[in-house]
A.B. asks: 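First, the structure itself, so that you have it in front of you.
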Amino acid sequence: MRRFPPERIVCLTEETVETLYLLGEQDRIVGVSGYAVRPPQVRREKPRVSAFTSADLPKILALGPDLVLAFSDLQAGIAADLARAGIAVHLFNQRDVAGILAMIRTLGALVGCPGRADALASGYEARLIEIAGAARAGPRPRVYFEEWDEPLISGIGWVSELIGIAGGEDVFPDLARAPAARDRIVAPEAVIAAAPDLILASWCGKKVVPARIAARPGWEAIPAVARGRIVEIKSALILQPGPAALTDGLDAMRAALHGTAP
């Protein structure tokens, strides 16, 4: 970076945007992902410079960022192009709850407020422990989380962990450890055999249609389908590995599992 803390930051994914706002460091943000919706004012306040796997490099360069924040192998190409253009890039790769908390603390250190970031992360940790403790006493419904429908893709690591914290049991916990979506593809027959009590769905970029899920051949035998327990969780709440997943995303899971008001 040309200066520390960085004065001009571009965020290519949602979770770093939300974290910087929560830390009170939003004035450093000069460009965001088009998917950034938390907090709501971000869409009015910050120019959009990227999608998820594509970015407007000339627009980013014109903003003169001291630092660009990216995420995962899916943005590695964008990060490489920016690095070749002389821009400092930090590429996060958190895939579980511990990684989300580490991201918050790391981002705080990068912008010069490690104390506030640690307090924020510690507050989330305490909340997760409290919720998990309360859920331990009750029944644990079996949950199938559908991240995509064509093909069927099951939930990633932090989603699986949050199901457990909320009081459920992920029916595909081994697949959740695979970071790549292609490694979490499941056959419709496997879901039938898993017999989940609840289906949670979050199709990134499009609205979930429960009737389409229920109409899949043979799925009428699944307890969740037979009982009408197919629930959408908005992708902005659960598919971004950041504060939203640990707060509103987790609360939406709890509501679906136990009827607990968020």
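No hydrogens, no waters, no symmetry mates; every other heavy atom, side chains included, goes into these values.
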A.B. asks: Under a single-linkage definition using a 4.5 Å side-chain heavy-atom cutoff for Ile, Leu, Val, Met, Phe, Trp and Tyr, are V97 and I233 assigned to the same hydrophobic cluster?
C.D. replies: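 Yes, because V97 and I233 connect within a single hydrophobic cluster, where side-chain heavy atoms sit under 4.5 Å apart.
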A.B. asks: To the nearest 0.5 Å, how far apart are CZ in R8 and CZ in R2?
C.D. replies: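 Interatomic distance, R8 CZ to R2 CZ, rounded to 0.5 Å: 9.0 Å.
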A.B. asks: Between R177 and D96, does any side-chain N to carboxylate O distance fall below 4.0 Å?
C.D. replies: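 Salt bridge: no.
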A.B. asks: Output, in order, the C-alpha distance, side-chain angles, deciding distance and verdict of salt bridge (Lys or Arg N to Asp or Glu O under 4.0 Å) for R95 and D73.
C.D. replies: CA-CA 12 Å; R95 307 295 181 127; D73 56 305; 3.0 Å; yes
A.B. asks: Looking at R28 and E25, is there a salt bridge between them, counting it only when a charged N and a carboxylate O are closer than 4.0 Å?
C.D. replies: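 Result for this pair is yes, salt bridge flagged.
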A.B. asks: Quick check for you: to the nearest 0.5 Å, what is the distance between L120 atom CG and T19 atom OG1?
C.D. replies: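 With rounding to 0.5 Å, CG (L120) is 7.0 Å from OG1 (T19).
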A.B. asks: Hey, any chance L128 and W158 share a hydrophobic cluster, counting ILVMFWY side chains that come within less than 4.5 Å of each other, even indirectly?
C.D. replies: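 Shared cluster, yes.
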A.B. asks: With a 4.5 Å heavy-atom cut-off, do F71 and F52 have their side chains touching?
C.D. replies: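 Yes, side chains in contact.
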A.B. asks: Give me the atom names and distance for the closest heavy-atom approach of D66 to M1.
C.D. replies: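 Minimum heavy-atom contact is O-CG, 3.6 Å.
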A.B. asks: Is R216 salt-bridged to E146, cutoff N-O under 4.0 Å?
C.D. replies: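 E146 and R216: salt-bridged.
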A.B. asks: Side-chain heavy atoms nearer than 4.5 Å, only ILVMFWY residues, links allowed to pass through others: does that put F4 and V111 together?
C.D. replies: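 F4 and V111: one cluster.
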A.B. asks: About how many Å separate OG of S50 and OH of Y35, when rounded to the nearest 0.5 Å?
C.D. replies: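 Between Y35 OH and S50 OG, I get 9.5 Å after rounding to 0.5 Å.
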A.B. asks: So which atom in L250 and which in L162 form the shortest heavy-atom distance, rounded to 0.1 Å?
C.D. replies: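 Taking every non-hydrogen atom into account, CD1-O, 3.7 Å.
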A.B. asks: Going by an N to O cut-off under 4.0 Å, is there a salt bridge joining R229 and D197?
C.D. replies: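 Looking at D197 together with R229, the answer is no, because their closest N to O distance does not fall below 4.0 Å.
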A.B. asks: When clusters are formed by joining ILVMFWY residues with side-chain heavy atoms under 4.5 Å apart, either directly or through shared neighbours, do I185 and W203 land in the same one?
C.D. replies: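 Same cluster: I185 reaches W203 through Ile, Leu, Val, Met, Phe, Trp or Tyr contacts under 4.5 Å.
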A.B. asks: Looking at every heavy atom in both A245 and Q240, which two are closest together, and how far apart are they?
C.D. replies: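 So the two residues come closest at CB-O, 3.6 Å.
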A.B. asks: Hey, does the side chain of S160 reach the backbone of I156 with a donor-acceptor pair shorter than 3.5 angstrom?
C.D. replies: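 Such a contact is absent between S160 side chain and I156 backbone.
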A.B. asks: V32 vs R43, test: side-chain contact (heavy atoms from CB on, under 4.5 Å). Steps then yes/no.
C.D. replies: CA-CA 9 Å; V32 299; R43 297 185 71 81; over 6 Å; no
A.B. asks: Do the non-hydrogen side-chain atoms of P141 and H258 ever get within less than 4.5 Å of each other?
C.D. replies: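 Counting from C-beta outward, P141 and H258 do come under 4.5 Å.
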A.B. asks: Would you name the heavy atoms of S202 and I238 that are closest together and state the gap between them?
C.D. replies: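 Smallest interatomic distance, heavy atoms only, reads OG-CG2, 3.6 Å.
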A.B. asks: Do I153 and V186 have side chains that get closer than 4.5 Å, going by heavy atoms?
C.D. replies: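 In short, these two side chains do not touch, never coming nearer than 4.5 Å.
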A.B. asks: Apply salt bridge (Lys or Arg N to Asp or Glu O under 4.0 Å) to residues E232 and K234 and explain how you reach the verdict.
C.D. replies: CA-CA 6 Å; E232 177 181 18; K234 300 296 185 184; 3.7 Å; yes
A.B. asks: Taking all atoms of both residues into account, what is the closest heavy-atom pair of A166 and M253, and its distance?
C.D. replies: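 The answer is CB-CB, 4.1 Å.
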A.B. asks: Does F92 CZ have over 12 foreign heavy atoms under 6.0 Å away?
C.D. replies: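 Atom CZ in F92 is crowded, with more than 12 foreign heavy atoms closer than 6.0 Å.
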A.B. asks: If only atom types and distance count, is the side chain of R184 paired as donor or acceptor with the main-chain N or O of S154 below 3.5 Å?
C.D. replies: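 Judged by distance alone, yes, a pair lies under 3.5 Å.
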A.B. asks: Hey, are S122 and R105 close enough side-chain-wise for a donor-acceptor pair under 3.5 Å?
C.D. replies: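 Indeed, the side chains of R105 and S122 share at least one donor-acceptor pair under 3.5 Å.
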A.B. asks: Any heavy-atom pair between the side chains of P196 and V143 that's under 4.5 Å?
C.D. replies: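 No - every pair of side-chain heavy atoms lies 4.5 Å or more apart.
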A.B. asks: Test side-chain contact (heavy atoms from CB on, under 4.5 Å) on D149 and R212 and set out the steps.
C.D. replies: CA-CA 10 Å; D149 65 326; R212 277 174 45 193; 2.8 Å; yes
A.B. asks: Between D251 and R127, is a salt bridge (Lys or Arg N to Asp or Glu O under 4.0 Å) present by the stated rule, with each step listed?
C.D. replies: CA-CA 11 Å; D251 288 347; R127 183 175 190 268; 2.6 Å; yes
A.B. asks: Would you check, one step at a time, whether the test side-chain contact (heavy atoms from CB on, under 4.5 Å) holds for L12 with L69?
C.D. replies: CA-CA 6 Å; L12 301 183; L69 301 172; over 6 Å; no
A.B. asks: Nearest 0.5 Å, please: how far is CD1 in I87 from CG in L67?
C.D. replies: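 If we round to the nearest 0.5 Å, L67:CG and I87:CD1 are 9.5 Å apart.
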A.B. asks: Evaluate the side-chain proximity of Y144 to I213: yes if any heavy-atom separation is below 4.5 Å, no if none is.
C.D. replies: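 Result no, sub-4.5 Å side-chain heavy-atom pair not found.
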A.B. asks: Does the side chain of L57 come within less than 4.5 Å of I78's, by heavy atoms?
C.D. replies: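 Result yes, sub-4.5 Å side-chain heavy-atom pair found.
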A.B. asks: Any chance you could measure R142, atom CZ, to I163, atom CD1, to the nearest 0.5 Å?
C.D. replies: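 Those atoms lie 11.5 Å apart.
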A.B. asks: Do you know which two heavy atoms are closest between D170 and A176, and how far apart they sit?
C.D. replies: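 Taking D170 first and A176 second, the nearest heavy atoms are OD2-CB, 3.9 Å.
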A.B. asks: If you count the non-hydrogen atoms of other residues, nucleotides and ligands that lie under 6.0 Å from CZ in R3, is the total more than 12?
C.D. replies: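 Enclosed: over 12 neighbouring heavy atoms sit under 6.0 Å from CZ of R3.
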A.B. asks: Are the side chain of E18 and the backbone N or O of A244 linked by a donor-acceptor pair below 3.5 Å?
C.D. replies: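 Answer holds: yes.
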A.B. asks: Can you tell which of Q41, Q26, E45, R38 makes a side chain to side chain donor-acceptor pair (under 3.5 Å) with Y21?
C.D. replies: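 Among Q41, Q26, E45, R38, the one that satisfies the side chain to side chain donor-acceptor pair (under 3.5 Å) with Y21 is E45.
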A.B. asks: Do any N or O atoms from the side chain of R48 and from the backbone of S33 form a donor-acceptor pair under 3.5 angstrom?
C.D. replies: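 Not a single qualifying donor-acceptor pair exists.
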A.B. asks: Kindly indicate whether the side chain of I222, heavy atoms from C-beta on, has any atom under 4.5 Å from the side chain of V191.
C.D. replies: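 They are in side-chain contact.
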A.B. asks: Under a 4.5 Å cut-off applied to non-hydrogen side-chain atoms, are E147 and L239 in contact?
C.D. replies: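 Counting from C-beta outward, E147 and L239 do come under 4.5 Å.
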A.B. asks: Shared ILVMFWY cluster between L200 and L175, side chains joined below 4.5 angstrom?
C.D. replies: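 They do not share one cluster, since no chain of ILVMFWY contacts under 4.5 Å joins L200 to L175.
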A.B. asks: Decide side-chain contact (heavy atoms from CB on, under 4.5 Å) for I9 and V30; before the verdict, give the C-alpha distance in whole Å, the side-chain angles of both, and the deciding distance to 0.1 Å.
C.D. replies: CA-CA 6 Å; I9 299 174; V30 295; 5.9 Å; no
A.B. asks: Quick one: pull up CG in L152 and CD in E189 and give me the separation to the nearest 0.5 Å.
C.D. replies: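 So the gap between those two atoms works out to 9.0 Å.
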